[in-house]
Structures are given as structure tokens and as C-alpha cells.
**Student:** 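If you scroll down you'll find the structure; I have some questions about it.
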Amino acid sequence: MTTAKLVNLQVPFHRADLGEAEIQAVSDVIRSGWLTMGAKTFEFERQFAQYIGASHAVAVSSCTAALHLSLEAIGLARGDEVLVPTTTFTASAEVVTYFGARPVLVDIDAATLNIDPQDAERKITPRTKAIIPVHLAGTPCDMEELIDLADQNKLRVIEDAAHALPASYKEKRIGTISELTAFSFYATKTVTTGEGGMITTDREELARRLQIMRLHGIARDAWKRYSAEGSWFYEVLHTGYKYNLTDLQAALGIVQLGKCDEMTSARSRIAARYTAAFQGMECVETPKIPMDRTTSWHLYILRLNLDQLRIDRGRFIRELANRGVSASVHFIPLHLQPAYQRNHNYRIGDLPVAEREYQRSLSLPIFSSMREEEIEQVIWAVSEIASHWSR
Ligand SMILES: Cc1ncc(COP(=O)(O)O)c(C=O)c1O
């Protein structure tokens with residue numbers, strides 16, 4: 001393994017794990033002539049619900065749509081407040097603003113990078129209606145504490161599980177714990193349909209509302225109106241949204257879901273390799289997964305001990321790029337983003353733990369189709385930068 005040879009290799013941040021089975025499944029849908037939501041979508045929902053262990057799974061066009069419909073289903077209204085961690089993607093909070101409600105950003109717990117229940121408690125007001133815990137990188141939040149907090153304050157809980165397929169908390173699968181859980185099948189996620197999402201729930205009436213609202217608020221079987229057994233007649237029961245998944249996407253999803261455990265094991269092995277290689281280094285901190293949880297390893301977030309290094313996080317990422325490794329950052333805290341500062345009056349310094357951890361975090365490539373030489377390249381690049389730039 002020579003340095004010159006390694007430098008020639010480019011390791012992408014992500015490469016979807018797609019093969020002949022996915023191509024075949026999508027081709028079959030094209031041949032069938034039925035492209036949009038239909039039998040494949042319902043089959044995907046059935047298999048997803050079974051995989052998670054939830055009573056209902058409702059397929060939608062994205063996790064953003066899943067979060068939006070979930071907030072609609074709990075009746076979020078103008079003037080309400082919803083607690084959201086600041087360390088997340090904008091989707092988790094922007095959906096709150098769709099209702100004229102306010103996303104109240106909460107600081108994070110430095111150990112897991114997830115929402116800090118104590119800070120969440122401090123931010124509850126008489127207007128607080130719900131809390132959206134985000135399982136960052138696929139590592140579950142402390143759901144017991146959050147559910148206690150929610151129960152004591154009559155808050156609804158909607159989990160943002162965009163990263164957390166599959167993950168578990170105290171032996172319970174994410175997707176079976178609170179009343180609504182939103183998943184993502186975006187191109188870089190652990191199971192992908194290109195774009196797509198799913199909501200799991202055990203509550204029949206919520207599932208029914210989601211099914212109606214994802215398709216313009218028209219009755220549940222209106223999707224059939226162009227099929228032989230369908231009818232031209234339909235009723236618009238509510239003003240809804242166009243958030244359905246298509247059979248083309250569902251066909252991909254069914255194949256991907258079938259590989260989910262295998263793909264998770266592959267990411268787990270990569271994470272173990274990284275952790276074994278980096279844990280002796282003073283200048284970096286590897287992710288610690290609490291004993292009572294399992295993670296999907298959607299992301300491997302490495303934290304830099306900046307006092308042990310002569311370079312900052314930005315330079316570390318550039319040094320990785322110089323060695324052929326693409327890294328990213330998850331996430332720039334929302335309260336540092338212009339839209340949240342302008343619209344919700346956030347300022348630098350408001351959520352200090354999130355700011356500090358953001359400054360020293362980077363995400364390394366971790367995906368199930370990673371080749372041995374790609375894993376080695378990442379380990380080599382991090383080790384080389386660490387030894388070259390350590391104090
Ligand atoms: C934490 C989190 N929530 C929600 C989303 C939105 O997912 P989607 O792209 O499926 O709408 C993302 C997407 O990256 C995310 O990272």
C-alpha cells in the first residue's frame with residue numbers, strides 16, 4: 001500500500017448501493033404500465049410496517065412531506081411552538097413554519113449530538129405544542145426522558161428518523177416508540193428510493209388522516225380512478241397535498257428494504273474499523289453510542305480536539321480532499337443560518353454546545369458499497385493528517 005497509489009483513489013462521500021435487482025424491479029414497474037402510487041406502494045408500506053414492527057406505514061414523497069403531514073395530523077396551528085434541535089437539517093424545522101407556527105431551537109447534548117432534554121424543558125412555554133427529536137447520524141435520542149417531558153407538559157412527539165433506519169432504543173425499533181415517526185429515502189439515506197419518505201404510527205385514525213392528506217385530501221382509494229376497477233367519482237374531504245410516493249420508487253424501496261440489514265452490517269463494520277484505527281489518536285474523538293441504543297451508522301461523525309491540532313476543521317476537510325477523501329459536516333446549526341436569524345431572531349452564542357461541537361465535527365464517508373481500498377484510504381488520510389498536524 002504505497003502513498004502514491006492511495007492518493008490516486010477518490011473516495012466519494014456516498015455511493016448508493018444499487019444493483020441488478022433494483023434495475024429489474026423498476027423495469028418491471030415500467031413494463032406493468034402503472035407508474036404512480038398503486039400496488040407496489042402499498043406492498044412497500046406493508047413490508048416497511050412489518051420490518052419496523054409498527055401497525056401502519058404511510059408512504060410519501062419525502063421525509064419533509066412526512067414531517068409536514070405529521071404536524072398537520074396533530075393539528076398544529078398558527079402561533080404554536082415546536083421544539084426542534086438546532087443541530088439538524090432545515091427540513092426538521094421549516095415544516096413548523098408552514099403552519100405559521102414557530103420552531104423553537106434547542107441545544108444539544110455533547111455526548112450524542114442529539115436534542116438536550118434539559119434545554120428542551122427550559123424552552124417550554126404555554127404555546128409549546130410538540131417536540132421533534134432528531135436521531136442524528138442514526139443514533140437514537142434519549143426517548144424515555146423526552147417522552148416523560150412530553151407527557152408532563154402535554155406535548156405531542158414526532159420523531160425525525162431521517163437517519164435512523166434501522167436503529168433501536170432500549171430494544172425498541174425506532175418507528176415504534178412515539179405516535180408518529182418520519183423516515184427518509186433520499187438518495188444518500190440508508191435505504192433509498194431517490195426521493196421518498198414514510199411515516200409509521202400505531203394509531204389508525206392518524207394513519208387514515210395521513211393517507212387522505214398525502215393525496216389532495218381525497219378519499220383513500222381515489223388513486224384507483226384511472227384503473228379498470230376504479231370509479232370516476234371522488235370526493236375532496238379536506239384541502240390536502242400532493243405528497244404520494246410512486247410505484248417506480250416503491251419498487252426500488254422494496255429491494256432496498258430487503259437489503260437493509262445487510263447494508264447496516266456493512267456500515268457497522270466500517271464504523272468499527274474507523275473507531276479501532278482512530279481511538280488511540282489524541283487529536284480526534286470517535287462517536288460513542290450509548291449502551292442502550294443501536295445506531296444505523298448513517299453518518300460517522302468524527303470530532304476534532306482542536307487544542308491538539310494546528311489546523312481547524314475546515315482545513316482538516318481540505319486536507320482530506322487533498323488525499324482523495326470527500327468529507328462533509330452535519331450540520332451547520334440552524335440558529336446560525338440567515339433565514340432562522342432573520343425570521344426567528346437567533347444569534348451566534350444562543351446555543352453554545354451546538355456551536356462548539358459544530359466547529360469540531362466532520363462526517364467521514366460510510367456507505368455499504370465502500371470497497372476495502374476506500375476504507376483504507378480514509379483511515380490512511382485521517383492518520384496522516386493527524387500525525388502531520390498534531391501539536
Ligand atoms: C435530519 C433530517 N431530517 C429531514 C430530512 C429531509 O429528508 P427528505 O430529503 O427526505 O425530505 C433530512 C434530509 O437530509 C435530514 O437529514
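Whatever order the structure lists them in is the order used to number ligands and atoms, beginning at 1. By convention here, the first residue in the shown sequence is residue 1.
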**Student:** Which of the atoms of ligand 1 are close to T88, meaning less than 4.0 Å from one of its heavy atoms?
**Tutor:**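 Going through ligand 1 atom by atom, the ones under 4.0 Å from T88 are 1 (C).
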**Student:** Suppose we measure from atom 14 (O) of ligand 1 to each protein heavy atom; which comes out shortest, and what is that distance?
**Tutor:**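 Result: K189 NZ, 2.7 Å.
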**Student:** Under 4.0 Å from ligand 1, counting heavy atoms only, is it the side chain of C63, its backbone, both or neither?
**Tutor:**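 Both backbone and side chain of C63 come within 4.0 Å of ligand 1.
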**Student:** Ignoring hydrogens and angles, tell me if any N or O in the side chain of R214 forms a donor-acceptor pair with the backbone of A59 under 3.5 Å.
**Tutor:**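 Yes; at least one donor-acceptor contact below 3.5 Å.
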**Student:** Mind telling me whether F48 and F44 have parallel, tilted or perpendicular rings, with 30° and 60° as the class edges?
**Tutor:**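 Aromatic pair F44/F48 classed perpendicular.
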**Student:** If we ignore hydrogens and angles and just use 3.5 Å, is the side chain of D119 paired with the main-chain N or O of D107 as donor and acceptor?
**Tutor:**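 Yes; judged by distance alone, with no hydrogens or angles, the pair exists.
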**Student:** Report the C-alpha separation of S55 and D202 in whole Å, then their side-chain angles, then the decisive distance to 0.1 Å, and conclude whether the side chain to side chain donor-acceptor pair (under 3.5 Å) test is met.
**Tutor:** CA-CA 5 Å; S55 310; D202 282 339; 2.9 Å; yes
**Student:** Mark up the atoms of ligand 1 that fall under 4.0 Å of a heavy atom belonging to V134, in ascending order.
**Tutor:**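 Answer, ordered by atom number: 1 (C).
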**Student:** Does ligand 1 have any atom sitting under 4.0 Å from a heavy atom of S92?
**Tutor:**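 S92 counts as a contact of ligand 1 under the 4.0 Å cut-off.
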**Student:** Is the distance between the ring centroids of H68 and Y243 under 6.0 Å?
**Tutor:**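 Ring centres of H68 and Y243 closer than 6.0 Å.
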**Student:** Tell me, please, which residues at least two apart from Y300 pass side chain to side chain donor-acceptor pair (under 3.5 Å).
**Tutor:**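 Per chain and number, Y300 pairs via side chain to side chain donor-acceptor pair (under 3.5 Å) with T275.
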**Student:** Cation over ring, R313 on Y358, under 6.0 Å and within 45°?
**Tutor:**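 R313 over Y358 ring: yes.
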**Student:** Which heavy atom of the protein is the closest neighbour of atom 4 (C) of ligand 1, given with residue, atom name and distance?
**Tutor:**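 Answer, as residue, atom name and distance: D160 OD2, 3.5 Å.
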**Student:** Which of these, A91, P85, A93, G196, has its nearest heavy atom closest to atom 5 (C) of ligand 1?
**Tutor:**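 Closest candidate by heavy-atom distance is A91.
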**Student:** What residue and heavy atom of the protein are closest to atom 16 (O) of ligand 1, and at what distance?
**Tutor:**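 Closest protein heavy atom to atom 16 (O) of ligand 1: H163 NE2, 2.8 Å.
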**Student:** Which heavy atom of the protein is the closest neighbour of atom 12 (C) of ligand 1, given with residue, atom name and distance?
**Tutor:**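 Its nearest protein heavy-atom neighbour is F89 CD2, 3.7 Å.
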**Student:** Using a plain distance cutoff, I'd like to know if E195 has any nitrogen or oxygen under 3.5 Å from a nitrogen or oxygen of ligand 1.
**Tutor:**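 Not met; the criterion fails.
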**Student:** Which atoms of ligand 1 sit under 4.0 Å from any heavy atom of S184?
**Tutor:**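 Selected atoms, number and element: 7 (O), 8 (P), 10 (O).
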**Student:** Backbone or side chain, does any N or O of Y186 fall under 3.5 Å from an N or O of ligand 1?
**Tutor:**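 Between Y186 and ligand 1 (N or O atoms, distance only) the closest approach is not under 3.5 Å.
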**Student:** List the steps and the verdict of side chain to side chain donor-acceptor pair (under 3.5 Å) for T125 and E81.
**Tutor:** CA-CA 8 Å; T125 74; E81 292 177 355; 2.8 Å; yes
**Student:** Given that the side chain starts at C-beta and the backbone is N, CA, C, O, which of these parts of F331 lies under 4.0 Å from ligand 1, counting heavy atoms, or is it both or neither?
**Tutor:**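 Only the side chain of F331 comes within reach of ligand 1.
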**Student:** Distance check, rounded to the nearest 0.5 Å: L299 atom CG versus I366 atom CD1?
**Tutor:**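 L299 atom CG to I366 atom CD1 measures 8.5 Å (nearest 0.5 Å).
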**Student:** Give the residue and atom name of whichever protein heavy atom lies nearest to atom 11 (O) of ligand 1, and the separation in Å to one decimal.
**Tutor:**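 Ranked first by proximity to atom 11 (O) of ligand 1 is T64 OG1, 2.5 Å.
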